[in-house]
There are 2 protein chains.
Amino acid sequence: MKQHTANFDTKMKLIHGFSNKTRMQILECIKEEEKTVSQIIEETKGNQSNISQHLACLKGCGIIVGRNEGKYMYYSLRNQHIRDLLSMFDVVLEDVENDVACCDRHMD
Amino acid sequence: MKQHTANFDTKMKLIHGFSNKTRMQILECIKEEEKTVSQIIEETKGNQSNISQHLACLKGCGIIVGRNEGKYMYYSLRNQHIRDLLSMFDVVLEDVENDVACCDRHMD
DNA sequence: CACACATATTAGTAAATACTAATATGATAA
DNA sequence: TTATCATATTAGTATTTACTAATATGTGTG
């Protein structure tokens, strides 16, 4: 019952991986196929150092995996479950969308 | 093709809701049934102001809904999709778990 | 009405996270 | 073996986010 703690921290780490705009852009970029760091940088119009750090973060979170080939590093989603989770966000988004969009107003 | 942007921001807002330890504790606390703020504070051993702010955040993200009854506010998950998403985190966690747990070491 | 309770809001500060520029590493090719 | 390209790492700073204490609001009760 207190083994909960370790799992919980790992879960937070996992979720944290998804909670940044740049990281989500990277994930959407490699959702269908593996890409090299250069490709990711180009497609997301990101800064090399920044993208590299976010890739390290995503790898550390267990969301993506890297494959080395010569001087290139190919990154891809870890597995289908991750892909499913990404799709799930979109599903949940759909029924949340109308309400969330206007909730800055609700804040007052 | 550029309608993507608004959706994306909303998606980030949604995901952000899940990305904090206190907020996830709240969500697990009300996952099965609605609870009052006091109950949530007690069960999570949280600070009143802090919990209140996180509840506002979760509501703003479209993750939970509040129901007023007299002097009490009852909060619960917005719908089944949110519950599914929470379960999904656990599913993904399972196959990520072993690797992520030891990835502090991978960081070097 | 005055008081107690439940919750929300505000303001200030602390802590975590993201970003940038500079530099390092490691692989290939001339 | 030097030059170049791809990527990683580091250090410093900026930005965002979380937290706490104090105060406000709103509701029921004696």
Side-chain angles (χ1 to χ4, degrees), chain A residues 8-27 29-30 34-61 63-76 103-108, chain B residues 8-27 29-30 34-61 63-76 103-108:
Chain A
F8 192 71
D9 287 346
T10 308
K11 192 198 291 196
M12 286 321 301
K13 192 165 178 174
L14 173 73
I15 297 172
H16 174 254
F18 297 101
S19 75
N20 170 276
K21 202 165 176 169
T22 302
R23 284 195 296 274
M24 278 301 283
Q25 281 171 177
I26 292 173
L27 292 176
C29 173
I30 65 176
E34 63 172 14
K35 302 236 172 97
T36 68
V37 178
S38 302
Q39 285 180 295
I40 297 168
I41 290 170
E42 195 194 341
E43 293 185 26
T44 64
K45 300 179 199 332
N47 169 289
Q48 186 269 320
S49 169
N50 197 216
I51 296 295
S52 184
Q53 287 175 77
H54 281 301
L55 285 168
C57 173
L58 287 166
K59 193 162 72 164
C61 294
I63 296 172
I64 65 175
V65 291
R67 177 176 73 82
N68 189 256
E69 195 179 300
K71 61 177 175 176
Y72 297 99
M73 271 301 281
Y74 286 89
Y75 285 100
S76 55
C103 73
D104 290 314
R105 265 168 255 148
H106 293 180
M107 290 290 187
D108 58 15
Chain B
F8 192 70
D9 287 346
T10 309
K11 192 199 291 195
M12 286 321 301
K13 192 166 180 176
L14 173 72
I15 297 173
H16 174 254
F18 298 100
S19 75
N20 170 275
K21 202 164 177 169
T22 301
R23 284 194 297 273
M24 278 301 282
Q25 281 170 176
I26 293 173
L27 293 176
C29 173
I30 65 175
E34 63 172 14
K35 302 236 171 94
T36 68
V37 178
S38 302
Q39 286 179 294
I40 296 169
I41 289 169
E42 196 195 340
E43 292 185 27
T44 63
K45 299 178 200 332
N47 169 289
Q48 187 269 319
S49 168
N50 197 216
I51 295 296
S52 183
Q53 285 175 78
H54 280 302
L55 285 168
C57 173
L58 286 165
K59 194 162 73 164
C61 294
I63 296 173
I64 66 175
V65 292
R67 177 176 73 83
N68 189 256
E69 195 179 301
K71 61 176 174 176
Y72 297 99
M73 269 302 280
Y74 286 89
Y75 285 101
S76 55
C103 73
D104 291 315
R105 266 169 254 147
H106 292 180
M107 289 290 186
D108 57 17

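Letters A, B, ... are given to chains in the order of the sequence lines, protein chains preceding strands, and every chain is numbered from 1.
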Check: What is the nucleic acid contact for Tyr75(B), judged by heavy atoms within less than 4.0 Å: base, sugar-phosphate only, or nothing?
Finding: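 Sugar-phosphate contact only.
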Self-check item: dC5(D) phosphate, OP1 or OP2, under 4.0 Å from Ser38(A) side-chain N/O
Solution: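 For Ser38(A), the contact criterion (side-chain N or O under 4.0 Å from OP1 or OP2 of dC5(D)) is not met.
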* Asked: Does dT17(C) have OP1 or OP2 sitting under 4.0 Å from an N or O in the side chain of Arg23(A)?
  ->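 For dT17(C), OP1/OP2 do not have a side-chain N/O of Arg23(A) under 4.0 Å.
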- [ ] Could you tell me whether a side-chain N or O of Lys35(A) sits under 3.5 Å from a main-chain N or O of Cys29(A), the two making a donor and an acceptor?
- [x]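 Pair found, side chain donor or acceptor close to backbone of Cys29(A).
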Open item on the list: Quick one: does any side-chain atom of Arg23(A) pair with a main-chain N or O of His16(A) as donor and acceptor, under 3.5 Å?
Closed with: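 Yes, the answer is positive, given that a donor and an acceptor are paired below the 3.5 Å cut-off.
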### Task
Identify, between Thr22(A) and Lys71(A), the residue whose nearest nucleotide on DNA chain C lies closer to the 5' end.
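Per heavy-atom nearest nucleotide, the more 5' residue is Thr22(A).
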Rounded to the nearest Å, what distance is computed from the [atom1] atom of residue [X] to the [atom2] atom of nucleotide [N]?
| X | N | atom1 | atom2 | answer |
| --- | --- | --- | --- | --- |
| Asn68(B) | dG28(D) | CG | P | 9 Å |
| Asn50(A) | dA22(C) | CG | P | 16 Å |
| Met12(A) | dT17(D) | CE | C1' | 13 Å |
| His54(B) | dT9(C) | NE2 | C1' | 15 Å |
| Asn47(B) | dA8(C) | CG | C1' | 13 Å |
| Glu42(B) | dA6(C) | CD | P | 11 Å |
| Gln48(B) | dA4(C) | CD | P | 18 Å |
| Met73(A) | dA8(D) | CE | C1' | 10 Å |

Scan side-chain atoms only and decide if Ser52(A) and Gln48(A) contain a donor-acceptor pair under the 3.5 Å cut-off.
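No pair is found: no donor N or O on one side chain lies under 3.5 Å from an acceptor on the other.
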I'd like to know if [X] reaches the base of [N] with its side chain, counting only an N/O donor and acceptor under 3.5 Å.
| X | N | answer |
| --- | --- | --- |
| Gln53(A) | dT20(C) | yes |
| Ser49(B) | dT7(C) | no |
| Ser52(B) | dT9(C) | no |

Atom CD of Glu34(A) and atom CD of Gln39(A): how far apart are they, to the nearest 0.5 Å?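 Those atoms lie 9.0 Å apart.
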Are there over 12 heavy-atom neighbours, none belonging to Glu43(A), within less than 6.0 Å of that residue's CD?
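Atom CD in Glu43(A) is crowded, with more than 12 foreign heavy atoms closer than 6.0 Å.
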